[in-house]
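What follows is one structure encoded as structure tokens, with my remarks underneath.
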Amino acid sequence: MLDVKFVRENMDAVREALRRRRSPVTLAGFEELDRERRETLSAVEKLRAERNAASEEIGHLRREGNDASALMERMREVSAAIKEKEAGLPDIEHRMEEVLHSLPNVPDPSVPEGEREEDNPTVRTWGDRPAFSFPVRDHVDIGTALDILDFDRAAKIAGARFCLMKGAGALMERALINFMLDVHTREHGYTEVLPPFLANSASFFGTGQLPKFEEDLFHVTGTDYYLVPTAEVPLTNIVRDEILSAGSLPLKMTAYTPCFRAEAGSHGKDVRGMIRQHQFNKVELVKICRPEESRGELETLTADAERILERLSLPYRVVTLCTADLGFSAAKTYDIEAWIPSQGRYREISSCSNFTDFQARRAKIRFRDGATGKIRLAHTLNGSGLAVGRTVVAILENFQQEDGSVRIPEALRPYMGGMDRITKAKGRS
RNA sequence: GGAGAGGUGGCCGAGUCGGCUGAAGGCAACCGCCUGCUAAGCGGUUGUACGGGUAAAACCGUACCGAGGGUUCGAAUCCCUCCCUCUCCGCCA
């Protein structure tokens with residue numbers, strides 16, 4: 001959410017931001033609503049001031065044993081007038097909020113303007129893409145043949161966009177989670193958190209998923225709970241409605257959670273395999289920091305995620321999302337994309353964003369500035385460190401062997417009981 | 001699920017029969033004094049949001065004592081609904 005005052009005083013800048021984003025949202029009605037709201041508010045406040053003064057007077061008179069019935073009679077009317085005037089406020093404020101809540105974050109000046117995903121410039125590329133002397137198979141074929149992935153039976157249990165992992169596949173998923181958490185906590189200085197996997201609507205509003213993107217979420221019927229689509233929601237909301245001490249910043253947290261996404265509107269997209277699932281595992285990185293630090297923190301956050309891919313010897317590239325591809329709440333986002341041999345292209349495996357004060361304003365995440373003693377909004381950032389399922393996909397495909405087995409990246413072997421290769425298990429599945 | 005207790009400022013914690021309580025007192029923080037340093041001590045300052053006002057301040061108004069309604073000239077204080085926390089019992093991984 002943007003600051004009302006900022007919008008009011010920088011209408012042109014906001015319009016320019018919307019244009020850069022290719023957003024269909026407009027500021028239509030904002031000025032009139034804002035003026036209407038302020039006029040009504042000021043009229044109500046004048047009446048309230050009158051009533052407050054009179055009430056005090058009545059108190060005085062009564063204490064001294066004087067008659068105050070005339071004043072009380074007059075105030076009865078004033079109170080009625082207040083009620084009448086006030087009645088219009090909720091509607092105005094509601095419409096005002098609607099406009100305000102629909103405005104996306106202002107992109108950072110360094111974000112390139114673009115029309116579509118293809119306009120995202122590559123920032124850097126790492127690693128050598130494997131060359132295969134045999135026909136490349138995709139992770140579905142590899143995993144099914146090795147009997148470590150089972151999509152058919154997952155569909156029986158749950159439905160489309162679910163996956164069942166077995167044996168070494170399940171072990172690899174668990175190993176990756178542990179590996180990622182260990183690196184981020186021991187080497188990158190994040191505090192591990194195991195949060196609730198359901199959160200209430202206030203939390204979802206805080207990070208910006210609600211009210212605009214409810215259709216992307218799984219809602220638990222009859223409750224105020226939604227399944228988390230990312231650990232960003234519980235982690236960022238840990239400090240919702242809090243005033244932090246400047247000394248505690250930056251806060252760096254990491255968490256493993258399953259993520260649940262309805263994937264409404266992506267029918268027909270990535271239907272095969274585990275690229276796009278209703279449920280997937282992710283290790284998330286979240287930072288809460290001072291405004292001056294957020295640009296730098298985005299760079300280090302992204303680097304922290306990249307280190308994981310490097311340790312796993314998975315080739316990747318980093319792209320900057322152009323204005324049109326940028327998420328609603330983000331001011332700047334780097335996507336890290338891993339090389340997927342079967343598709344002959346890089347696919348998103350992590351998304352690292354700086355939300356500046358956009359989420360902080362919604363979630364009231366503030367800190368006391370030591371220098372001035374003033375309370376200021378913090379900046380929030382987050383990124384996947386990494387999406388675990390997609391990491392398994394990348395490993396299966398990049399490390400596949402001609403005989404159908406899959407080599408395990410060295411860094412992961414200690415987490416898999418020393419296993420260095422996944423081969424077809426004996427016996428029936 | 002049953003019974004009880006409670007939710008007040010950055011934190012702890014008073015708020016009597018509704019009126020001069022934005023809210024005592026304490027802690028913390030900040031400024032000054034004092035001190036060889038530290039600690040202690042002494043004096044002072046310190047809520048947030050919105051609106052108005054100002055070059056910027058000062059300043060003025062309104063709202064906020066879990067949330068939302070109600071009663072009243074006036075509600076932190078009374079009434080209703082909901083949420084959350086704690087204790088005991090029951091159930092249970």
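Chain naming here is simple, since letters A, B, ... match the order of the sequence lines and numbering starts at 1 in each.
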Work out how far the [atom1] atom of [N] is from that of [M], and round it to whole angstrom.
N: B/A76; M: B/A63; atom1: C1'; answer: 14 Å
N: B/C50; M: B/U45; atom1: C1'; answer: 25 Å
N: B/G61; M: B/G53; atom1: P; answer: 15 Å
N: B/U77; M: B/G7; atom1: P; answer: 12 Å
N: B/A24; M: B/U81; atom1: C1'; answer: 32 Å

Please list all pairs passing the salt bridge (charged side-chain N to carboxylate O under 4.0 Å, His left out) test where one or both residues lie in [range], with sequence neighbours left out.
range: residues 268-291 of chain A; value: A/Asp138-A/Arg272, A/Asp141-A/Arg272, A/Glu263-A/Arg276, A/Asp270-A/Arg276, A/Asp270-A/Arg347, A/Lys282-A/Glu284, A/Lys287-A/Glu297, A/Arg290-A/Glu292, A/Arg290-A/Asp369
range: residues 175-193 of chain A; value: A/Asp182-A/Arg186, A/Glu187-A/Arg311
range: residues 84-97 of chain A; value: A/Arg37-A/Glu93, A/Arg48-A/Glu86, A/Asp91-A/Arg95
range: residues 206-217 of chain A; value: none

Which part of the nucleic acid, if any, lies within reach of A/Met72 when heavy atoms closer than 4.0 Å are counted: base, sugar-phosphate only, or nothing?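 Touches a base.
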Hey, does A/Asp224 reach any base, or is it just sugar-phosphate, or nothing, if we go heavy atoms under 4.0 Å?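 Contact class for A/Asp224: none.
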Round to the nearest Å and state the distance from A/Arg368 atom CZ to B/G47 atom P.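 Rounding to the nearest Å, CZ of A/Arg368 and P of B/G47 are 9 Å apart.
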Spacing of A/Ile365 atom CD1 relative to B/G10 atom C1', expressed in whole Å: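 Between C1' of B/G10 and CD1 of A/Ile365: 17 Å.
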With the criterion being N/O to N/O and under 3.5 Å, what pairs connect the protein with nucleotides 51-53 of chain B, and how long is each?
| from | atom 1 | to | atom 2 | distance (Å) |
| --- | --- | --- | --- | --- |
| B/G51 | OP1 | A/Arg8 | NH1 | 2.8 |
| B/G51 | OP1 | A/Arg8 | NH2 | 2.7 |
| B/G52 | OP1 | A/Arg38 | NH1 | 2.8 |

Not counting sequence neighbours, which residues clear side chain to side chain donor-acceptor pair (under 3.5 Å) with A/Arg295? List them please.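 Listed in chain order: A/Asp108.
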Indicate yes or no for a side-chain donor-acceptor contact from A/Asp34 to the backbone of A/Phe30 under 3.5 Å, with no hydrogens or angles considered.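 Side chain of A/Asp34 to backbone of A/Phe30, a donor-acceptor pair under 3.5 Å: no, none is there.
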A/Ser350 side chain to A/Leu386 backbone, donor-acceptor under 3.5 Å: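 Not a single qualifying donor-acceptor pair exists.
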Nearest 0.5 angstrom please: A/Leu227 CG to A/Leu198 CG, how far?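 If I round to the nearest 0.5 Å, the distance is 4.5 Å.
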Step through it carefully: locate the ring centre of [X], locate the ring centre of [Y], and say whether they are under 6.0 Å apart.
X: A/Phe260; Y: A/Phe280; value: no
X: A/Phe204; Y: A/Phe213; value: no
X: A/His101; Y: A/Phe205; value: yes

Taking only residues two or more places apart in sequence, or in another chain, which ones meet A/Phe6 in a ring-ring contact (aromatic ring centres under 6.0 Å, His included)?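 Here no residue qualifies.
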Can you tell me how the ring of A/His184 sits relative to the ring of A/His188, calling it parallel under 30°, perpendicular over 60° and tilted otherwise?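 Rings of A/His184 and A/His188: tilted, 30 to 60°.
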Classify the ring geometry of A/His278 against A/Phe218: parallel below 30°, tilted from 30° to 60°, perpendicular beyond 60°.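 Answer is perpendicular, since the angle exceeds 60°.
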Could you tell me if A/Ser405 and A/Arg421 have a donor-acceptor pair between their side chains, going purely by distance under 3.5 Å?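 Yes, side-chain donor-acceptor contact under 3.5 Å.
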Consider only side-chain N and O atoms of A/Lys332 and A/Thr320, and report whether a donor and an acceptor are under 3.5 Å apart.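 Result is no, nothing qualifies.
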I want to confirm an ordering. Mapping A/Ile243 and A/Ser79 to their closest nucleotides on RNA chain B, which one lands closer to the 5' end?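 Its nearest nucleotide being more 5', the pick is A/Ile243.
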Between A/Val44 and A/Glu73, name the one whose nearest nucleotide on RNA chain B is closer to the 5' end.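 It is A/Val44 whose nearest nucleotide is closer to the 5' end.
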Does B/G74 have its OP1 or OP2 closer than 4.0 Å to a side-chain nitrogen or oxygen of A/Arg51?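 So the side-chain polar atoms of A/Arg51 do come within 4.0 Å of the phosphate oxygens OP1 or OP2 of B/G74, strictly under.
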Does OP1 or OP2 of B/U62 have a side-chain N or O of A/Asn52 closer than 4.0 Å?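 It does, given that an N or O in the side chain of A/Asn52 lies less than 4.0 Å from OP1 or OP2 of B/U62.
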Residues within residues 81-92 of chain A bordering RNA chain B, heavy-atom distance below 4.0 Å: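 Heavy-atom contacts with RNA chain B come from A/Lys83.
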List every contact pair, protein side and nucleotides 17-19 of chain B side both N or O, where the distance is under 3.5 Å.
| from | atom 1 | to | atom 2 | distance (Å) |
| --- | --- | --- | --- | --- |
| B/G19 | O2' | A/Arg63 | NH2 | 3.1 |
| B/G19 | N2 | A/Ser55 | O | 2.9 |

Per-nucleotide pairing state of RNA chain B [Watson-Crick or G-U, under 3.5 Å; [ ] pseudoknot-crossing; | other strand]: ((((((((.[[[..)...(.....]]]((((((.......))))))((((((......)))))).[[[[[..)....]]]]])))))))....
Distances under 3.5 Å between nitrogen or oxygen atoms of protein and nucleotides 76-82 of chain B:
none

N/O donor-acceptor pairs under 3.5 Å from side chains in residues 167-179 of chain A, not counting sequence neighbours:
| from | atom 1 | to | atom 2 | distance (Å) |
| --- | --- | --- | --- | --- |
| A/Glu173 | OE2 | A/Asn281 | ND2 | 2.7 |

